[in-house]
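Here's the structure we're looking at; comments come further down.
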Amino acid sequence: MTTSPSPVISRNPSDPSDIVVQVPAPGAFATADTVERARAAQPEWLSGGASARSTALAAVAAAIEAAAEELAALAVREVGKPLTEARAEVARTAAIWRYYAQAPYEPVGSVHETAAGAGLLMTRRRPHGVAGLITPWNFPFAIPSWKAAPALAVGNAVVLKPAPEATACAQRLAEIVQRELPPGVFTVLPGGAAEGGALVAAADVVSFTGSTVVGQAVVRAATARGVPVQAEMGGLNAAIVLPDACIEQAAAHLAAAIAGYAGQKCTATSRVIAVGAALEPLREALSEALRAVPVGDPADPATVCGPLISEHARDQVCDAWHGTPVLTGGTLPDRAGWYATPTLVEKVSEGHRLLREEVFGPVAALLPADDLAHAVRLTNAVPYGLVTSVHTTDLDAALTGLDRLDTGMIRVNAPSTGVDFHLPFGGAKASSHGPREQGRAALEFYTAGRTYTLSPAKTT
């Protein structure tokens with residue numbers, strides 16, 4: 001006797017009694033069927049031409065803008081994103097679709113002379129077929145969009161498997177996208193590990209964002225099949241503050257990167273490395289800045305740090321600061337929902353989980369460094385390498401440090417959080433696998449290169 005899959009349940013993290021959506025999980029066989037339907041729809045989507053694809057993606061952008069307040073409110077309710085950040089994410093989501101709406105008109109290859117004799121050599125990029133996308137809950141509109149829009153722009157069909165915690169957001173996004181696309185070209189598949197595994201086993205190209213453990217399993221499964229795969233995984237990001245930095249500005253940037261959206265971003269700052277004389281003033285300024293971060297209802301436009309996504313996530317954050325001297329925070333607000341105060345700790349022992357694991361919450365460790373070289377060694381001494389922020393007024397020092405940092409993205413005098421969708425996004429070591437996301441890099445990932453040799457035929 002077979003048992004039906006467990007339902008997908010998404011709760012409001014600021015009011016766990018509020019069930020946002022509950023839907024049945026389709027299971028592995030239905031996932032495979034969904035991919036086959038997408039594969040059948042893809043050729044017509046590609047053959048419709050650049051104008052049709054461009055028009056459709058531009059229409060999606062306009063529809064997202066028209067529904068902006070509704071979408072932002074849904075993100076607040078389902079994933080606890082503070083309203084101001086939710087509005088910014090929706091605006092960015094529309095901009096992503098508009099950016100990739102121009103991509104169908106981009107060149108897809110080049111023409112070359114032969115080395116000898118008559119004829120031509122050509123290169124051309126073609127879509128893989130069905131893009132299987134597995135996305136997290138923390139950017140419920142932007143991340144699915146920056147994967148789906150370039151995949152669709154170059155002629156793929158898309159099957160999206162969102163995190164269960166963001167099911168309602170993904171379904172609403174699908175309603176908007178599907179109105180502008182032919183049937184079967186864009187499908188959202190709710191579910192969990194069974195659906196995700198089945199999607200990786202069936203899709204022609206796979207893009208994943210999520211935890212390191214799951215991402216590594218996705219990479220192994222896709223690689224075994226010989227299909228292209230990219231995986232954006234964990235971060236244990238550092239901020240380096242040099243003595244010549246504007247300490248007040250650096251503290252403000254760091255507080256935003258530690259506590260914004262309760263630290264639930266892969267680009268959040270979790271290690272603050274103060275170089276030399278920067279330590280004492282930064283300790284005071286950053287503690288004060290974190291104490292001033294508004295914590296509360298994500299529906300309040302003034303809120304910066306809302307709830308954690310789940311009770312388990314809240315407990316993990318609470319566990320992370322235990323056993324370390326707490327400079328500020330280290331408490332759980334007495335209110336409904338899964339909240340934790342922005343927290344800064346110091347004198348963290350070597351091997352502590354804050355120096356090994358991505359906690360994914362509003363907590364950071366303050367670490368001293370003797371000089372820039374020491375700070376770079378500390379930054380690089382973790383398994384991850386997504387983004388590092390460097391705070392200094394000395395351009396030479398910044399450039400020297402940049403060359404030695406083993407991270408995919410470096411931000412000078414800016415928070416570690418915040419990315420530009422028209423530039424490549426990705427990290428080093430355990431943070432990323434495969435080609436970069438976003439910008440033109442995404443268009444290349446979702447296509448395969450071919451080389452053609454055109455020789456003249458002999459005439460009789």
Side-chain angles (χ1 to χ4, degrees), residues 5-10 13 25-28 31-32 34-35 79 130-140 142-144 146-148 151 158-167 169-170 188-237 263-268 270 308-313 315-317 320 353 356-361 382-386 408 425-437 445:
S6 300
V8 176
I9 302 174
S10 176
T31 300
T34 299
V35 172
V79 300
V130 178
L133 312 181
I134 301 174
T135 58
W137 48 263
N138 58 338
F139 288 87
I143 292 181
W146 81 48
K147 294 178 185 292
V158 163
V159 177
L160 167 65
K161 207 296 289 180
E165 298 89 343
T167 298
C169 287
V188 163
L189 196 74
E195 289 75 17
L199 181 57
V200 173
D204 302 309
V205 57
V206 175
S207 182
F208 169 89
T209 298
S211 72
T212 302
V213 172
V214 177
Q216 290 172 343
V218 167
V219 168
R220 288 193 297 270
T223 302
R225 293 183 54 228
V227 302
V229 57
Q230 63 183 186
E232 292 300 331
M233 298 171 283
L236 192 55
N237 309 303
Q264 298 174 118
K265 304 175 184 179
C266 61
T267 54
S270 53
L308 279 299
I309 190 64
S310 68
E311 184 177 15
H312 175 73
D315 292 345
Q316 288 292 306
V317 170
R353 63 176 301 193
R356 295 181 291 106
E357 303 172 18
E358 181 183 41
V359 174
F360 223 58
V382 296
Y384 300 99
L386 184 58
F425 176 94
K429 299 187 285 189
S431 288
S432 299
H433 173 92
R436 294 293 193 242
E437 291 198 281
F445 172 70

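- Without hydrogens or angle criteria, Glu232 side chain to Thr209 main chain gives no donor-acceptor distance under 3.5 Å.
- At distances below 3.5 Å, at least one donor-acceptor pair connects side-chain atoms of Arg436 with backbone N or O atoms of Gly427.
- Rounding to the nearest 0.5 Å places CG of Leu133 at 11.5 Å from CD1 of Ile143.
- The backbone N or O of Gly27 sits less than 3.5 Å from a side-chain atom of Glu195, completing a donor-acceptor pair.
- Side-chain N/O atoms of Thr31 and Lys161 include no donor and acceptor closer than 3.5 Å.
- Taking both residues in full, the closest heavy atoms of Ala268 and Gly263 are given as CB-O, 3.7 Å, listed atom of the first, atom of the second, then distance.
- Asn138 and Pro136 get closest at one heavy-atom pair: OD1-CG, 3.3 Å.
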Applying side chain to side chain contact (heavy atoms under 4.5 Å, CB included), run through Val214 and Phe208 and close with a yes or a no. CA-CA 9 Å; Val214 177; Phe208 169 89; 3.6 Å; yes
What's the verdict on side chain to side chain contact (heavy atoms under 4.5 Å, CB included) for Val200 and Val229, showing C-alpha distance, side-chain angles and the deciding distance? CA-CA 9 Å; Val200 173; Val229 57; over 6 Å; no
Any chance you could lay out the side chain to side chain contact (heavy atoms under 4.5 Å, CB included) test for Glu358 and Cys266, step after step, and finish with the verdict? CA-CA 8 Å; Glu358 181 183 41; Cys266 61; 4.2 Å; yes
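- No side-chain donor-acceptor contact under 3.5 Å links Asn237 to the backbone of Ser270.
- Here the shortest heavy-atom pairing between Ser431 and Gly385 reads OG-N, 2.9 Å.
- Closest non-hydrogen pair, Val206 versus Val227, comes out as CG2-CG2, 4.4 Å.
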Mind running side chain to side chain contact (heavy atoms under 4.5 Å, CB included) on Tyr384 and Lys429 for me, showing each step along the way? CA-CA 5 Å; Tyr384 300 99; Lys429 299 187 285 189; over 6 Å; no
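- Residues Leu386 and Ser432 approach most closely at CD1-OG, 4.4 Å, considering heavy atoms.
- Side-chain atoms of Thr167 come within 3.5 Å of backbone N or O of Pro164 as a donor-acceptor pair.
- When the ring-ring contact (aromatic ring centres under 6.0 Å, His included) test is applied to Phe425, the partners found at least two apart in sequence or on another chain are Trp146.
- Using a distance-only test at 3.5 Å, with no hydrogens or angles considered, no donor-acceptor pair links the side chain of Arg353 to the main chain of Val359.
- Taking both residues in full, the closest heavy atoms of Val219 and Ala231 are given as CG2-CB, 3.7 Å, listed atom of the first, atom of the second, then distance.
- In this structure, CD on Gln230 lies 4.5 Å from CD on Glu437, to the nearest 0.5 angstrom.
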